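Owing to the predicted nature of the structure, the values given are computational and were not obtained by experimental measurement.
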Amino acid sequence: MKVIKIGGPALSNSKGLNKFCNSLKHLATPTVVVVSAFGKLSSTLKNHFISTSYTDKFTPFISTFTDFRHLLCQKQLNNFDEYTLQCQKKLTDIMLGCQLTNEFSKKSLDKILVLGELVSSFFIHCLLESIQIQSDFLDIRGIIVTDNNYGNANPNLNLSTKNISKTSFSTLTITQGFIASDITGNDTTMGFESSNLSAMLIAQAINCKTIEIYTKVNHIYSLDPELYEAQPVYRIPYQSAQILANNNFKLLFPGMIELAKERNIELIFKGLETDKCTTISSSSDFIYPVIYHNRSQLIITPIKKNVVVELLNKYNSEFLDFEYKSKNYSLITKIEEIDLEKLQSFITLLLKTH
């Protein structure tokens, strides 16, 4: 079995959609594809819910997929439109119910966010069928079970594993990330960026040793590639990834890393445009670190102690209350202000001399 997770931003244009779906044509092993909501659909739904100003003119599902409708054959376009209208009606009923009772709870928001994940994954299913790639559509809410901490639900590992293990997966199964249901069947979500956790829950239950995670960028980078000229980071040990995940580093979810380490499951982060990737595993064979500035805290990981010594000599006055955790290959320090690109350049120079 193989598990693939693909994020909505990676599927933001027709070219990416076609490339990804065509890559599934000749599968050598049964594969589960976990799909996140397209683009900013989840944020759009959440923001509109918070605004409490719902009108029937709010059609997020229709507007999100307008540019992609031409990719579907007529039969699958009809199927998708029918499914979308059902979800649109559910959205309207939930929002009008909230307005009537003046109760806008996390439980109601979860019911709405679930719809974005379902429509997005159903579109991928319809697109695959349109290009003659047979796939099964699986509603993961009947499989992954959580508590009722709506908005940030915790998965019941034993129940979820049992349900996944007894699920019959076909050659290609399309399902959702992020969403689940509690023990009484109410919709839940496991926190933003938790789609990777969904993929991990499936992988550990079916004894899959690798998860491929497609993102809109081609690697995990040393800095935010949208803001800086960043370096690709090709290898990260579990311990370093855990430090980053615990400090809200985008792409990494704490529960996912914990399970990956426990079950020795490799996480491969990749894009649609290159074969290069970032691998998170038990290996300590790493080179370049992630430089993560989280508010007043700076985290540099994975990085070796001999490099840290020279780094501290250079930035002695800027790094406040620093700590090097050799177990996690991580330098953590409080910092008020720093030029991250200059810091990156200096680290690059140090690594060339070691």
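- Between Gln231 atom CD and Ile287 atom CD1 the span is 11.5 Å, to the nearest 0.5 Å.
- Residue-environment remark: OH (Tyr83) exceeds the threshold of 12 foreign heavy atoms within 6.0 Å.
- Connection of Leu311 to Leu320 is not established within any shared hydrophobic cluster, with ILVMFWY side chains joined at heavy-atom distances below 4.5 Å, either directly or through further cluster members.
- Ring to ring, Phe322 and Tyr315 are not that close: their centroids are 6.0 angstrom or more apart.
- At most 12 non-hydrogen atoms from other residues, nucleotides or ligands lie less than 6.0 angstrom from CD of Gln132.
- One hydrophobic cluster, built from ILVMFWY side chains closer than 4.5 Å, cannot hold both Tyr221 and Ile236; they sit in different ones.
- Figure legend: Lys305 and Tyr324 shown without cation-pi pairing, the cationic atom not lying both under 6.0 angstrom from the six-membered ring centre and within 45 degrees of its axis.
- Within the 4.5 Å cutoff, side-chain heavy atoms of Met190 are placed close to those of Thr146.
- The heavy-atom pair separating Leu272 from Gly16 by the smallest distance is CD1-O, 3.6 Å.
- Using a distance-only test at 3.5 Å, with no hydrogens or angles considered, a donor-acceptor pair links the side chain of Ser120 to the main chain of Phe38.
- Looking at heavy atoms from C-beta onward, Met1 lies out of side-chain contact with Asn207 at the 4.5 angstrom threshold.
- Using a 4.5 Å heavy-atom cutoff, the side chains of Lys250 and Tyr292 are not in contact.
- One finds the NZ atom of Lys325 at 15.5 Å from the CD1 atom of Ile303 (value rounded to the nearest 0.5 Å).
- In this structure a side-chain-to-backbone donor-acceptor pair under 3.5 Å is present from Lys209 to Arg263.
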_Let's go through Leu45 and Phe61 carefully: what are the C-alpha distance in whole Å and the side-chain angles of both, what is the deciding distance for side chain to side chain contact (heavy atoms under 4.5 Å, CB included) to 0.1 Å, and is it a yes or a no?_
CA-CA 10 Å; Leu45 290 167; Phe61 310 128; 4.2 Å; yes
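- Looking only at atom types and distance, the side chain of Thr348 has a donor-acceptor partner in the side chain of Tyr288 under 3.5 Å away.
- Counting heavy atoms from C-beta on, the side chains of Val307 and Leu351 come closer than 4.5 Å.
- In this structure, Asn22 contributes its side chain and Asn18 its backbone to a donor-acceptor pair below 3.5 Å.
- The aromatic rings of His48 and Phe58 sit parallel, their planes meeting at an angle under 30°, below the 60° perpendicular limit.
- No donor-acceptor pair under 3.5 Å is formed between the side chain of Ser194 and the backbone N or O of Leu197.
- For the 3.5 Å distance criterion, the side chains of Thr184 and Asn186 qualify, holding a donor opposite an acceptor.
- Under a cut-off of 6.0 angstrom, the local environment of CG in Asp275 is sparse, with at most 12 non-hydrogen atoms contributed by other residues, nucleotides or ligands.
- Side-chain atoms of Asn246 and Gln242 form a donor-acceptor pair, as typed in the model, at a separation below 3.5 Å.
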_Derivation and outcome, side chain to side chain contact (heavy atoms under 4.5 Å, CB included), residues Arg141 and Ile179_ = CA-CA 7 Å; Arg141 291 176 298 171; Ile179 67 175; 3.9 Å; yes
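- Ala205 and Ile164 make their closest contact through CB-CG2, 3.5 Å (heavy atoms, listed as atom of the first residue, atom of the second, distance).
- Between Phe123 and Thr64 the shortest side-chain heavy-atom distance does not fall below 4.5 Å.
- Interatomic distance, CZ of Phe178 versus OG1 of Thr188, reported as 9.5 Å (0.5 Å rounding).
- Taken together through direct or relayed side-chain contacts under 4.5 Å among Ile, Leu, Val, Met, Phe, Trp and Tyr, Val114 and Phe49 form part of one hydrophobic cluster.
- Using a 4.5 Å cut-off on side-chain heavy atoms (C-beta onward), Leu128 and Leu24 make contact.
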*Derivation of the side chain to side chain donor-acceptor pair (under 3.5 Å) call for Ser42 and Glu117*: CA-CA 8 Å; Ser42 292; Glu117 306 296 318; 3.2 Å; yes
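- Within a 6.0 Å radius of NZ in Lys276, other residues, nucleotides and ligands contribute 12 heavy atoms or fewer.
- Residues Leu138 and Ile174 are not in side-chain contact: their nearest non-hydrogen atoms beyond the backbone lie 4.5 Å or more apart.
- In this structure, Phe122 and Phe80 have parallel ring planes: the angle between them is below the 30° cut-off, well short of the 60° mark.
- The backbone N or O of Val145 lies less than 3.5 Å from a partner atom in the side chain of Ser160, making a donor-acceptor pair.
- Side-chain contact, Ser121 with Gln176: a donor N or O sits under 3.5 Å from an acceptor N or O.
- The two residues Asp187 and Asp110 have their closest heavy-atom pair at O-CB, 3.8 Å.
- For the 3.5 Å distance criterion, the side chains of Gln204 and Thr161 qualify, holding a donor opposite an acceptor.
- Note: Asp136 CG to Thr167 OG1 = 11.5 Å, rounded to the nearest 0.5 Å.
- To the nearest 0.5 angstrom, Ile265 atom CD1 is 11.0 Å from Met256 atom CE.
- Between Leu349 atom CG and Glu310 atom CD the span is 9.0 Å, to the nearest 0.5 Å.
- Both the sub-6.0 Å distance and the 45° axial angle are not jointly satisfied by Lys111 relative to the ring of Tyr150.
- Hydrophobic clustering keeps Leu100 apart from Ile50 (ILVMFWY residues linked when any side-chain heavy atoms are closer than 4.5 Å, directly or through intermediates).
- Atom CD of Glu229 has 12 or fewer neighbouring heavy atoms from other residues, nucleotides or ligands inside a 6.0 Å radius.
- Cluster membership check: Val35 shares its hydrophobic cluster with Ile131, using side-chain heavy-atom separations under 4.5 Å among Ile, Leu, Val, Met, Phe, Trp and Tyr.
- Proximity of a side-chain donor or acceptor of Asn163 to a complementary backbone N or O of Ile143 within less than 3.5 Å is detected.
- Results of the side-chain hydrogen bond (donor to acceptor under 3.5 Å, both in side chains) test with Asn78 over Glu82, Gln74, Gln76 single out Gln74 as the only residue that passes.
- Nearest approach of Pro302 to Arg235, heavy atoms of both residues: CG-O, 4.1 Å.
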*Going through the distances and angles, do Glu129 and Lys75 end up as a salt bridge (Lys or Arg N to Asp or Glu O under 4.0 Å)?*
CA-CA 9 Å; Glu129 295 289 328; Lys75 178 183 177 181; over 6 Å; no
*Tell me, with the steps shown, if Ser108 and Ser105 meet side chain to side chain donor-acceptor pair (under 3.5 Å).*
CA-CA 5 Å; Ser108 296; Ser105 65; 3.2 Å; yes
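- Proximity of a side-chain donor or acceptor of Lys5 to a complementary backbone N or O of Ile211 within less than 3.5 Å is not detected.
- Formation of a donor-acceptor pair under 3.5 Å by the Asn328 side chain with backbone atoms of Ser330 is not found in this model.
- Taking every heavy atom of both residues into account, Ser36 and Gly7 meet most closely at CB-CA, 3.9 Å.
- Taking the six-membered ring for Trp and the full ring otherwise, His219 and Phe269 have centroids separated by 6.0 Å or more.
- The shortest heavy-atom contact between Leu127 and Leu71 is CD1-O, 3.6 Å.
- For the pair Thr278 (side chain) and Val233 (backbone), a donor-acceptor distance under 3.5 Å is present.
- Put simply, the side chain of Asn247 gets close to the backbone of Ile243: a donor and an acceptor are under 3.5 Å apart.
- Counting only heavy atoms from C-beta outward, the side chains of Leu343 and Ile338 approach each other to under 4.5 Å.
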